[in-house]
*Asks:* 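Got a structure for you, questions after.
Quantities reported herein were computed from a predicted structural model and do not represent experimental measurements. Counting convention: from 1, in listed order, for ligands and their atoms alike.
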Amino acid sequence: MFNKILIANRGEIAIRIMRACRELGIRTVAVYSDADRNAQHVQFADEAMFIGDAAPKESYLNADVLIQAARNSQSDAVHPGYGFLSENASFAAAVESANLTFIGPSADSIRAMGDKVESKILMKKSGVPTVPGYEGLEGYDDFKKAAKKIGYPVLIKAAAGGGGRGMRVVNTESELKEAIELAEREALNAFGDERLLIEKYLAEAHHIEIQVFGDKHGNFVHLFERECSVQRRHQKIIEESPSPLLTPELREQMGQAAVNAARAVGYYNAGTVEFIFDPNLSSFFFLEMNTRLQVEHPVTELVTGLDLVHWQIRIAAGEKFPFTQSELHQHGHAIECRVYAEDPSTGFLPSTGRLLQFIPPHGPGIRVDSGFATGDEVTHFYDPLLAKLIVHAGSREDAIKRMKNALNDFIVHGVVTNIDYMRAVLETDDFKQGKVSTRWAETKFGEWNVPQPDLHALIAAALADVVFVGGRAQSAVSNETDPFNPWKQTGNYRN
Ligand code: ADP
Ligand code: ADP
Ligand code: MG
């Protein structure tokens with residue numbers, strides 16, 4: 001087993017990984033940029049290394065500096081978390097070349113799945129169902145013919161796309177030419193690669209993904225599905241497991257297809273195979289494989305009882321996955337809400353500022369993964385994810401109730417959040433009946449009205465401002481670099 005792991009990430013996921021390390025008796029090394037000197041993940045780690053300026057390019061995306069930090073701290077492995085360099089094949093290869101273990105799949109697997117064109121071709125060959133469409137087209141005429149064969153609406157995607165970027169829906173032939181030109185330019189700017197693919201746009205579809213695990217001994221299992229259809233700008237906001245749509249037969253078929261996809265690229269470690277599911281046809285199609293730990297992994301942890309990060313680490317260290325498929329089961333129902341510092345009244349623009357009060361809910365069946373505490377600054381440099389709120393209950397109905405109460409009890413002052421928005425989503429009949437497709441939040445639920453701030457909240461925020469001044473002295477002490485300073489024990493995560 002490893003002695004020390006460097007976590008090449010920040011925020012909630014860095015802390016999540018450190019918790020697992022601590023439970024496995026492994027020392028942790030945090031990295032931090034200029035903007036993160038006082039961040040919770042730095043205080044939580046056993047050691048911390050400064051890696052550069054606030055801009056991600058200068059720090060969390062700087063492979064050389066990260067590898068140097070891992071060497072200098074005498075770490076023996078690197079966990080990349082999600083986002084940043086987690087799906088960068090060159091980074092994975094460079095980590096391994098530096099005689100460190102990359103906690104994730106091989107660079108070859110990442111490369112094979114990182115390209116939407118290459119992976120789609122590979123999946124077709126491996127018998128995994130894909131969305132009807134075409135790859136490798138050149139010139140407008142080819143696209144025009146392809147779109148006609150597929151039938152409008154069609155979706156144009158960047159081969160190198162990710163994070164919901166570089167996609168364009170085209171409803172009629174008259175929009176096609178301009179859409180291709182814009183998509184090519186956008187893809188070139190964002191990813192340095194203008195290749196596109198075209199496929200059928202499934203307007204009423206659900207996003208259902210399967211968590212898979214492979215070990216380094218050729219064994220594969222899946223840990224069932226997550227339904228992630230509540231999305232804005234193709235980004236997930238609410239995820240759950242089980243999916244309200246799947247029958248045991250479909251679950252079995254999708255699980256098998258996901259395992260086949262992983263096997264096709266000689267996959268090991270945790271991965272997620274994303275499918276788009278058409279409830280009218282009862283058919284599912286491969287979208288992409290995310291070759292890393294996923295943001296929404298906690299819902300799978302709560303229904304399976306497995307710690308996914310433990311298993312990532314143990315598999316990276318060469319252990320065999322000890323369970324066969326038939327020994328794995330889903331228990332109860334789990335839902336995750338991504339609490340963002342975003343303002344629904346301004347089209348969900350990030351809301352930055354100091355957290356005057358940040359009091360997550362607690363109680364039976366409630367889990368909060370966060371990288372923030374009262375007094376912390378939410379900056380514009382990074383993803384505005386404040387916390388992941390995850391609940392577990394015996395049934396979907398009870399999980400929804402539990403989540404509504406937990407959202408209600410979540411106190412955040414100082415920045416605007418999407419908490420009320422998510423509560424409103426959970427109140428709808430469509431959500432309760434599991435009828436939410438990936439376009440639902442932006443179309444059917446588009447007219448949601450932002451509630452006016454209430455007086456109590458404003459007064460509480462003003463009071464918190466006063467109380468906060470007292471809290472500052474303690475955080476100054478606990479931010480000292482000496483990891484063994486006993487004052488650190490009074491930090492928020494140790495209490
Ligand atoms: P998921 O399906 O887990 O939401 P995404 O592909 O949408 O995965 O991205 C995961 C997270 O990583 C998101 O929070 C996103 O903001 C972040 N992310 C995606 N791409 C990058 C990148 N190039 N640099 C930094 N963060 C990124
Ligand atoms: P990314 O790499 O940006 O995550 P994906 O291919 O995983 O790209 O797609 C992101 C989201 O876009 C999906 O979750 C789904 O909501 C939507 N989407 C992708 N392909 C289609 C399609 N063919 N039809 C309808 N929606 C799609
Ligand atoms: Mg995706």
Side-chain angles (χ1 to χ4, degrees), residues 82-84 86-88 110-124 128-135 143 146-147 149-171 179 183 186-187 190-191 193 195-212 225-240 243 245 254 258 261 271-281 283-297 336 338 383 436-445:
Y82 58 72
F84 294 125
S86 61
E87 292 186 278
N88 186 308
I110 298 176
R111 208 170 281 125
M113 285 298 187
D115 188 302
K116 288 192 195 299
V117 168
E118 297 305 321
S119 63
K120 204 169 167 182
I121 294 170
L122 186 63
M123 288 305 108
K124 282 190 211 168
V128 178
T130 57
V131 186
Y134 295 88
E135 307 82 35
F143 276 97
K149 272 196 199 152
I150 298 166
Y152 289 90
V154 295
L155 184 65
I156 295 174
K157 284 188 190 177
R165 292 190 303 163
M167 277 188 284
R168 266 210 154 68
V169 181
V170 186
N171 290 305
E186 207 174 278
F191 313 108
D193 179 349
R195 285 173 306 132
L196 302 176
L197 63 124
I198 185 167
E199 62 187 31
K200 179 77 190 163
Y201 182 66
L202 303 164
E204 286 305 312
H206 286 230
H207 175 118
I208 301 178
E209 59 187 32
I210 303 279
Q211 175 73 52
V212 295
E225 81 279 12
R226 291 182 291 256
E227 160 100 38
C228 315
S229 300
V230 182
Q231 300 187 350
R232 293 197 71 265
R233 299 192 197 104
H234 306 293
Q235 285 277 22
K236 304 155 187 167
I237 320 171
I238 300 176
E239 302 100 341
E240 60 184 310
S243 160
L245 285 189
M254 285 178 87
T272 295
V273 182
E274 296 188 332
F275 294 101
I276 191 136
F277 178 79
D278 187 330
N280 299 319
L281 304 171
S283 316
F284 59 89
F285 307 97
F286 172 87
L287 275 183
E288 64 167 343
M289 182 169 188
N290 293 326
T291 53
R292 55 169 161 85
L293 185 67
Q294 199 99 337
V295 175
E296 57 274 21
H297 74 278
E336 171 180 278
R338 300 192 189 189
D383 199 74
V436 167
S437 75
T438 53
R439 281 201 321 161
W440 179 90
E442 281 172 317
T443 54
K444 281 205 181 155
F445 198 59

*Asks:* For ligand 2, which is the ligand I care about here, please tell me if Tyr201 has any N or O atom under 3.5 Å from one of the ligand's N or O atoms.
*Replies:*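 No: no nitrogen or oxygen of Tyr201 is under 3.5 Å from one in ligand 2.
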
*Asks:* Strictly below 4.0 Å, N to O, side chains only: are Arg338 and Glu296 in salt-bridge contact?
*Replies:*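 Result for this pair is yes, salt bridge flagged.
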
*Asks:* Report yes or no: does Thr130 contribute a side-chain atom to a donor-acceptor pair with the main-chain N or O of Phe285 at less than 3.5 Å?
*Replies:*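 Not at all, since once roles are kept as given, no pair shorter than 3.5 Å links the two residues.
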
*Asks:* For His297 and Gln211, which I'm curious about, is there any donor-acceptor pair between the side chains at under 3.5 Å?
*Replies:*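 Per modelled atom types, His297 and Gln211 side chains form no pair under 3.5 Å.
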
*Asks:* Where the closest heavy atom to atom 16 (O) of ligand 2 is concerned, which of Glu204, Gln231, Met289, His207 has it?
*Replies:*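 Nearest heavy atom to atom 16 (O) of ligand 2 lies in Gln231.
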
*Asks:* Contact between ligand 2 and Ala205 is defined here as a heavy atom of the residue under 4.0 Å from a ligand atom; is it met?
*Replies:*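 The answer is no: ligand 2 sits nowhere under 4.0 Å from a heavy atom of Ala205.
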
*Asks:* Between Lys116, Arg165, His234, Lys157, which one has a non-hydrogen atom sitting closest to atom 8 (O) of ligand 2?
*Replies:*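 Nearest heavy atom to atom 8 (O) of ligand 2 lies in Lys116.
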
*Asks:* Which atoms of ligand 2 sit under 4.0 Å from any heavy atom of Leu202?
*Replies:*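 Near Leu202, the atoms of ligand 2 are 24 (N), 25 (C).
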
*Asks:* So which of Asn290, Thr438, Thr272, Leu287 gets nearest to atom 13 (C) of ligand 2, if we judge by its closest heavy atom?
*Replies:*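 Ranked by closest heavy atom to atom 13 (C) of ligand 2, first place is Leu287.
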
*Asks:* Out of all atoms in ligand 2, which are within 4.0 Å of some heavy atom of Glu274? Include the element for each.
*Replies:*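 Answer, ordered by atom number: 7 (O).
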
*Asks:* Side chain of Lys116, backbone of Glu288: donor and acceptor closer than 3.5 Å?
*Replies:*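 Absent.
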
*Asks:* Which N, O or S atom name in Glu288 marks its closest approach to the Mg ion (ligand 3)?
*Replies:*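 Result: OE2.
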
*Asks:* If you compare all heavy atoms of Ala158 against all heavy atoms of Ala187, which two are closest, and at what distance to 0.1 Å?
*Replies:*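 Taking Ala158 first and Ala187 second, the nearest heavy atoms are CB-CB, 3.8 Å.
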
*Asks:* Closer than 4.0 Å to some heavy atom of Leu155 - which atoms of ligand 2 meet that?
*Replies:*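 In order of numbering, the contacting atoms are 19 (C), 20 (N), 21 (C), 22 (C), 23 (N), 27 (C).
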
*Asks:* Among the N, O or S atoms of Glu274, which one sits nearest to the Mg ion (ligand 3)?
*Replies:*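 The Glu274 atom nearest to the Mg ion (ligand 3), restricting to N, O or S, is OE1.
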
*Asks:* Could you tell me whether Glu239 and Arg226 have a side-chain N and a carboxylate O separated by less than 4.0 Å?
*Replies:*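 No salt bridge links Glu239 with Arg226.
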
*Asks:* Does Lys200 approach ligand 2 within less than 4.0 angstrom via side chain, backbone, both or neither, non-hydrogen atoms only?
*Replies:*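 Only the backbone of Lys200 comes within reach of ligand 2.
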
*Asks:* Report yes or no: does Lys236 have a heavy atom closer than 4.0 Å to ligand 2?
*Replies:*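 Under 4.0 Å: no for Lys236.
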
*Asks:* Over all heavy atoms of both residues, which pair between Tyr152 and Val170 is shortest? Give the atoms and the distance, please.
*Replies:*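 Here Tyr152 and Val170 meet closest at CD2-O, 3.4 Å.
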
*Asks:* Which residue is it: Gln231, Glu209, Glu336? I am looking for the one with a side-chain hydrogen bond (donor to acceptor under 3.5 Å, both in side chains) to Lys236.
*Replies:*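 Only match with Lys236 under side-chain hydrogen bond (donor to acceptor under 3.5 Å, both in side chains): Glu209.
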
